[in-house]
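The chains referred to below are lettered A, B, ... by the order of the sequence lines, with proteins before strands, and numbering in each begins at 1.
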Amino acid sequence: MNMKKEILARVLVIGLLLIAIAVPVGGYLISSANMDHVVELHARMPENGGWSVGNITVQVGQPITLHMTSDDVVHGFAIGKSDQPTIEIMPGEFVDTTLTFDKTGTYTFYCTHWCGPNHWRMRGTIEVTGAGPASQLDSEPLYLQLGIDIDAPHLAKVVPTIQPSAEHGAKLAYLLPDYATSRQTYLTTSPADLWLKLRSEPSLSKLTDSDLWDVVRWLWERQTTPESLSSGLKIFIDFAAAAHGMTGKGDGVMVKGRPTMTPENMGHTLVRPPDFTDPHTLLGASPALLEGKIIRGGMGTGMPSWGAIFTQQQIDAIVGYLYTIAWNSVGVSSATPTQDMSHP
Amino acid sequence: MTRFDLTRFPKVNAVLRNRWPQFLLRAITLAGFTFTILAGLFGSAVGSHNFAIIFVWIAWWSALKLFFIPFGGRSWCSICPIPMAGEWLQRGGILEPGKKKVGLGKRWPRFLRGNWLQAFGFLMIGLFSAVTLTSAKITAIVLLAIILLSLLLSLIFERRAFCNYLCPIGGFTGLYAQAGPVEVRVKEAEVCAAHSEKLCYDACPWGQYPLALKSSANCGLCMECLRVCPKDNIAVNLRPWGSDLQADTRHNLSEAFLGLVMLASALVDSAIFSGPWGNLKMAAYNIGSRDWFLFAGIFLVAALILLPGFYALCVSWASKLGEKRRTLQKALAHYSQALVPLGLMAWIAFTISFAFVKFAYVLPVIADPLGWGWNLIGLQSKAGVGQSSAFSLILQVIVLAAGLFWTTRVTRRISESNRQSLPLILFSSAFTLGMLWLLIG
């Protein structure tokens, strides 16, 4: 055996093996050397572990770069209650975004794609610390201020029999007492309760029941705008339709196969969301109550909590849109027999 | 039959004898193998962006079936990195044999000989293929386990125990190498017969004696015999495809089993990866689930009972149509030759079905082998996924038709009469129709 050649061969083998090892190790070291203020964030379906980093801490005013990729399917990245545009995260590809927070507080980031059955669980938080103004992220919502039990039954005791006309209601507005038109009344009263209250007003005794529903519809619609309604519709389709169904009937793809809600099965098994096209469901709920359900989510029903995600404006838009489902369903839907639908 | 001895050309002869070219290729494949394992373990979890998945299951696995085997028989085995470390220890040198040899050098147990374990290993790959083929980490772990097992076995047993008896790819390559156009044979049998020193046999890592070599199934084309023969009596021949498949060549029952397992695997892989059944793919992927056990059950019944049963039926029918009396076992082994071109062409057709679509992943994964967002070769844009074109579909039909034609020729050659070849032609036609349906229909 020629030892010189043998040694050369051994050196070659070892050299090539070292190169094979050096490429990933060296590459890793070089890229991590430039990783100050960079967080590598892997998006994974909740079944695969969710966000690889669930909690990010950053100083106020200090830019932070997120180096993001997906390890499985297409995900999206968005920060709740912010106008930061949504970022698509494609499997195996990296996308970077640099964020700077000017207010302290806890922000929630979340996935914006229906990535899997537990998609909505795919959330994480960004803790912004340091000296600076605090964000208003965590002010107490109205339903808590008012002490509304959002899990209590709230079916409307009365509902219109023919579709109310806000236009006609507007013509009768001059008859209304002051409290009826206040924003506070709108927020804290359900349409059915307000109707009952107005019905008991002697000054309105000349109005027919359906006149009075026209008035209530008008009172509700003046609290929103066409822009807000279309924004509410978009949010409903993007975030809610998978469970509540495109029309709000409670038949979305995510709840297929679940039983409809009955007083017997409530709290025992996962059921479908209530049928919004049955006017009893929504006309018995005040905006504050619906807002509470959206913010907190449905305990034990599978409905996510959206409080950390939506701005007040977005929540107002969804609430406004929800009532249009109820109004437009009067006389249209073959409403299911009245049930106790106290849960969302 | 015509042979064309490559060693007649002095330059080719010099390249084949020289240890450096082969050594360099092996050193590169070993480094590549090491890198593949690291990429699999630490790279992106997304298979299409991981070197391990793309290079093992797209580039190498396709190259093996489309290039190495059809044009070089077991040529891949001559540069395969898996047995290298063990072989270097066994022979006491990296470049050439030395004095300090390491290993117990025990003989492989007789009852474990043949292709049985290889066929079993291939079945296992098939059962877990949906996960192995898509998870880089599992691919890396399998490769690491294989290389360690091979090293361990070469320290205990003599020669290439892993390659000869365990390596599933070795079984696959060896089986189809019989149809390949390259062989190592002796030039003049008398020269060897008169030569008492069996240097070639001693040097052969595969335990082959060139004088007795009738089939290329177990020759790894390592050229050691060529290098040590003092009589210059070893030829490296180009030969017509399918030369090992003859009426008088000897074959054993384990080859028949291996051939059938390969056919069943080609059918099942085509059904999983090219078939229209999403549920089947899901079942194959969800290892351990009820659906997966159902899938595994169907796969095993198809591979171990249905296909072998149909084959045995055709073989015993064929035996009845001839004069020569063979035991069923011998007949099963003899006719297994028909399974070689049939299986090889089916695997080529299956490979075409995905290679065309997935080959676009190869360049991006060179630019970013670990899926960490690198761009080593300055690729401007990401390559999109290719589409299976009409061209690739036509090519698959042609390959399958050529496979059936070739199998028919082999079957007639190894049968006593045209009449006797009919049952096996029926078997091959049914299989080809099945492949056609799965890949194209």
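Residue contact with chain B, scored on non-hydrogen atoms closer than 4.5 Å, involves the side chain of A/Leu12 exclusively. For a residue to count as touching a neighbouring chain, one of its non-hydrogen atoms must lie under 4.5 Å from one of that chain's; by this rule B/Phe42 does not touch chain A. Interface residue A/Ser70: only backbone heavy atoms are found under 4.5 Å from chain B. Contacts of B/Ile94 with chain A are made by both backbone and side-chain atoms, with heavy-atom separations under 4.5 Å. In this structure, chain A has heavy atoms under 4.5 Å from both the backbone and the side chain of B/Leu30. Proximity to chain B is absent for every atom of A/His42, based on heavy atoms less than 4.5 angstrom apart. Using a 4.5 Å cut-off between heavy atoms, B/Pro369 makes no contact with chain A at all. Residue contact with chain B, scored on non-hydrogen atoms closer than 4.5 Å, involves the backbone of A/Asp72 exclusively. Neither the backbone nor the side chain of B/Ser48 has a heavy atom closer than 4.5 Å to any heavy atom of chain A. Heavy atoms of B/Ile28 lying under 4.5 Å from chain A belong to its backbone as well as its side chain.
When B/Cys77, B/Ser150, B/Cys167 are each tested for a side chain to side chain contact (heavy atoms under 4.5 Å, CB included) with B/Pro83, only one passes: B/Ser150. A side chain to side chain contact (heavy atoms under 4.5 Å, CB included) with A/Trp120 holds for exactly one of A/Cys115, A/Cys111, A/Pro304, A/Pro46; it is A/Pro304.
Side-chain atoms of A/Thr106 and A/Ile126, non-hydrogen and from C-beta on, never get closer than 4.5 Å to each other. Taking 4.5 Å as the limit, some side-chain heavy atom of A/Pro24 sits within range of a side-chain heavy atom of B/Phe35. In this structure, the side chains of B/Pro205 and B/Gln90 stay at 4.5 Å or more apart for every pair of heavy atoms.
In summary, B/Asp202 and B/Lys198 do not engage in a salt bridge, as defined by a charged side-chain N under 4.0 Å from a carboxylate O.
A cation-pi arrangement, defined by a distance under 6.0 Å to the six-membered ring centre and an angle within 45 degrees of its axis, is absent between B/Arg227 and B/Trp20.
Here A/Leu17 is the residue among A/Leu17, A/Val25, A/Asn2 with the most heavy-atom pairs under 4.5 Å with chain B.
The aromatic ring centres of B/Trp57 and B/Phe354 sit 6.0 Å or more apart.
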